[in-house]
Every structure is written in structure tokens, then in C-alpha cells.
Amino acid sequence: MTARIFQSQSTYQFPLQNSTYRTLLRLHFYPSSYPNFNISNSYFSVVAGGVTLLNNFSASLAAKPFSQAYFIKEYYFAPSQFPTLHLTFKPSDNSFAFINGIELISMPPLFDTDPTLAGSIGPDDDFDTAVAIPIQSNNMETMFRLNVGGQYIAPTNDSGGLMRSWYDDSLYIYGAADGVAVQANTTIRYKGLPSYIAPLDLYSTYRSMGPFVDVNKNSNLSWVFHVDPNFMYLLRFHWCDSEMTKPNQRVFDIFINNKIAASQVDLYAWTGSIATPTIRDYVVQVKNKTDDSQQLWVALHPTNKTKAEFADVLLNGLEIFKLSDNANSNLAGPNPTISNLMKKYQ
């Protein structure tokens, strides 16, 4: 593995294919041993397009919680009036910066609908009060991208030539109620959803609660994620119900950090047909707490308001993106810390 090492501030200049669309930037890091450089002493900042992506960043520390030798930081930049993206690496005092690989991709319109603010639905499911959050000018960082109920989808199997990785969701499921992973037994087609949104493999598997009605009515299917506080997060839910054949068979609510994001979700009623992929976007503000580990919770719960035929939920995929701050100039979070549990195994 090769790396370019910077002992002083250095800048790349990349021409943009189409600055009126979002641009995807991937930074590849392999914090290994390099001749004459101690990787544990590497701390640096990265700024791209005037947005601080990393601040006093340690790739060595960042790799440890992942328990892997390399990792990728992925960002989506808002449309720009400038034809060139400047990418600057700035070492901290008495330190150095490095990078192993850079990808720059002109994006299709992945985010063309403003998401709904979780918790803005009024009493008695008054959707007229739901607040849409404009995100056209926000820059984003990919935090999690999950194939729920399925296996890892490699970049070479992604759609739209975007080379995204989709990971198994099982590491993030909360509690013993992990539901059941199901493989669709029917052919999945996009049916109007642009193919670049996600690969068909994502919509061919899903996680549901299982057949125990009484248990399902009194429980949730939940996931928990560690995120940086004091940012807003966009959550994209991917669905494709390959079982239900009419409305009001499987209906459920979505909670994000205990706030109602959507009520009475009926996928067949939304799409009007079986095995039809669809997506919905929601945003939530994650505020700072006194402890040093901030969590983002997602929970799906069957609703009995519509007297649905089955007490069950469904999810095929989930993406979580950090949104830049109010000035749209910062996405940097603190260096991660290693949990006490992980320390025991080191």
C-alpha cells in the first residue's frame, strides 16, 4: 500500500465534471507503518471546498474502533458555483498528514426531496404540521450504509457506478429482539425508482419481526448507532415489501431517538403494488450529552390504530448521513475513543 505524506500544508485541485450537481469525495486511509514516520504521531486537518472535513484527525485512532486496517471517509458536497474543488491537507504542529487514495465522482440527483423532521408530526398524526428541512445547500458525510437482513454488498455490485459498500446490519441491532432475516421469493424491479438509488440486491432481502403476534405487539425492532453530537442527521429508509398484496396488512410506526418520524407506514398503500422499492428521508437533531458516547436510535413498531392484518414491521436498507452545521462549513467530529469492552480484547 502506498501513501502520500505531507509535512506541510498541501492542496490538490480537482476540476469538477458538473458543479451544478453534488460531488462525491472518498478519502482512503491505511494507517500502517511507513518508513521514517510513526503513524501514531500523525494528526492533521482536511478542508475541501471550504468545508472542514477532519480536524486534528488521527487515522490511527479512527481505525481502532473499526477493528480493521483501513477505512474510507465519504462525503457529498452541495452544488457549487466554482468549477474546481480544492482539497487541502494541513498537518498539526510537529506532525504530518497522509492519504492513500482519493475518489471524486459527479453524482446523480440522489437527494432531490427535502426530508421530514422527526417529531414534527402533530397530535393525532397530523401530517399537515410535518416540517420539511431544506438540504440542497448542506454538505454531508456518510456515517452508515446498511443492507438490512442481508449480507455485505461489495462496491462492484453497487448500482449507478457509484461503488458504494453496503454492510450487514446485525452489529447494530439492539437487544435480543433481532427479528428474522428474509429473502424475497419474487422478482424485484425498480418500477420507477432510479436504479442509482440502491442496488436491487438491497431490496431482495429484509428484516421483519417474525410470526409471534403477541410478542411483536409489545416490542420494537431497533438499531443503535454511535454518532457525533451537535449535528443533524439524515436517515434514508429503503423498503420493498415482497409479501403484502393489499393495503392494511402490515402497518407500522418509525421512531428516531424516541421521536415519531412516520406513523402508519403502509408500504403497499404507498406504492400500490407488491415488490416495489421505495425510499423515505427523515432528519433528526442529535444534541450533546454529558457522557462521551452519543447514540442515535431507530425503532420500528407495529401499530394497532388501523387494525392491520399482521403485527409486523419491515426494513430493507438504511443509510445515515451527517449534515454540515448551520454555516455549512464543518463536518468534523472528535477522534473516536475505544470502548471499555473493546479494550478488554486488545
Side-chain angles (χ1 to χ4, degrees), residues 107-116 118 121 125 127 130 132 145-151 153 157-162 164 166-169 179-211 216 221 223 234-256 260-282 298-303 305-321:
M107 298 297 297
L110 277 179
F111 307 98
D112 57 355
T113 302
D114 291 333
T116 300
I121 297 176
D125 300 329
F127 290 93
R145 181 176 286 120
L146 304 181
N147 180 19
V148 178
Q151 298 180 341
I153 301 176
N157 293 325
D158 192 25
S159 59
L162 300 182
R164 295 163 295 190
W166 302 80
Y167 293 92
D168 174 13
D169 71 307
V180 293
V182 181
Q183 176 76 42
N185 59 0
T186 187
T187 301
I188 307 296
R189 295 184 177 89
Y190 284 109
K191 299 182 183 179
L193 188 74
S195 61
Y196 53 74
I197 292 294
L200 282 178
D201 285 347
L202 183 78
Y203 300 110
S204 299
T205 59
Y206 60 89
R207 192 175 298 279
S208 66
M209 299 186 81
N216 295 353
L221 190 55
W223 297 260
L234 184 152
L235 292 85
R236 170 163 289 180
F237 292 77
H238 295 259
W239 286 293
C240 182
D241 195 331
S242 58
E243 294 180 308
M244 302 304 134
T245 58
K246 60 184 179 180
N248 204 34
Q249 287 189 294
R250 174 162 36 203
V251 185
F252 54 92
D253 298 332
I254 303 172
F255 297 87
I256 302 175
I260 295 180
S263 180
Q264 301 178 33
V265 174
D266 186 336
L267 298 176
Y268 189 94
W270 281 6
T271 62
S273 60
I274 189 174
T276 302
T278 188
I279 61 172
R280 289 293 190 278
D281 294 343
Y282 306 96
V298 174
L300 306 184
H301 178 71
T303 181
K305 290 182 179 180
T306 66
K307 306 300 181 182
E309 184 175 347
F310 304 103
D312 200 4
V313 305
L314 172 78
L315 188 60
N316 297 76
L318 180 64
E319 295 178 273
I320 301 178
F321 304 93

Please indicate whether Glu309 has more than 12 foreign heavy atoms, meaning atoms of other residues, nucleotides or ligands, lying under 6.0 Å from its CD.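 More than 12 heavy atoms, drawn from other residues, nucleotides or ligands, come within 6.0 Å of this atom.
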How close do [X] and [Y] get, heavy atom to heavy atom, and via which atoms?
X	Y	result
Ile188	Cys240	CD1-SG, 3.7 Å
Ala311	Asn216	O-ND2, 2.9 Å
Pro199	Ser159	N-OG, 3.3 Å
Ala308	Gln249	CB-O, 3.8 Å
Thr205	Gly150	OG1-CA, 3.4 Å
Ile121	Ile260	CD1-CG2, 4.2 Å

Distance from [X] atom [atom1] to [Y] atom [atom2], nearest 0.5 Å?
X	Y	atom1	atom2	value
Leu267	Glu243	CG	CD	11.5 Å
Ile256	Ile254	CD1	CD1	7.0 Å
Arg236	Leu318	CZ	CG	11.0 Å
Ile320	Arg145	CD1	CZ	11.5 Å
Leu200	Asn157	CG	CG	11.5 Å
Tyr203	Asn147	OH	CG	10.5 Å

Taking C-beta and beyond as the side chain, do [X] and [Y] meet within less than 4.5 Å on heavy atoms?
X	Y	answer
Val182	Val180	yes
Leu162	Pro108	yes
Phe237	Val298	yes

Under a 3.5 Å distance rule, please check whether [X] uses its side chain to pair with a backbone N or O of [Y] as donor and acceptor.
X	Y	answer
Asp253	His301	no
Ser204	Leu202	no
Asp312	Ser208	no

Before you tell me yes or no, could you show the steps for Ile153 and Asp158 under side chain to side chain contact (heavy atoms under 4.5 Å, CB included), namely the whole-Å CA-CA distance, both residues' side-chain angles and the distance that decides it to 0.1 Å? CA-CA 7 Å; Ile153 301 176; Asp158 192 25; 5.5 Å; no
Given side-chain hydrogen bond (donor to acceptor under 3.5 Å, both in side chains), test Thr278 with Arg280 step by step and report yes or no. CA-CA 7 Å; Thr278 188; Arg280 289 293 190 278; 3.2 Å; yes
Going by ring-ring contact (aromatic ring centres under 6.0 Å, His included), Trp239 matches just one of Trp270, Tyr206, Tyr268. Which one? Trp270
I'd like to know whether His238 forms a side chain to side chain contact (heavy atoms under 4.5 Å, CB included) with Val148, so could you lay out the CA-CA distance, the side-chain angles of the two residues, the decisive distance to 0.1 Å, and finally the verdict. CA-CA 9 Å; His238 295 259; Val148 178; over 6 Å; no
Apply side chain to side chain contact (heavy atoms under 4.5 Å, CB included) to residues Met209 and Phe252 and explain how you reach the verdict. CA-CA 11 Å; Met209 299 186 81; Phe252 54 92; over 6 Å; no
Walk me through it: do Thr271 and Asp241 pass the test side chain to side chain contact (heavy atoms under 4.5 Å, CB included)? CA-CA 10 Å; Thr271 62; Asp241 195 331; over 6 Å; no
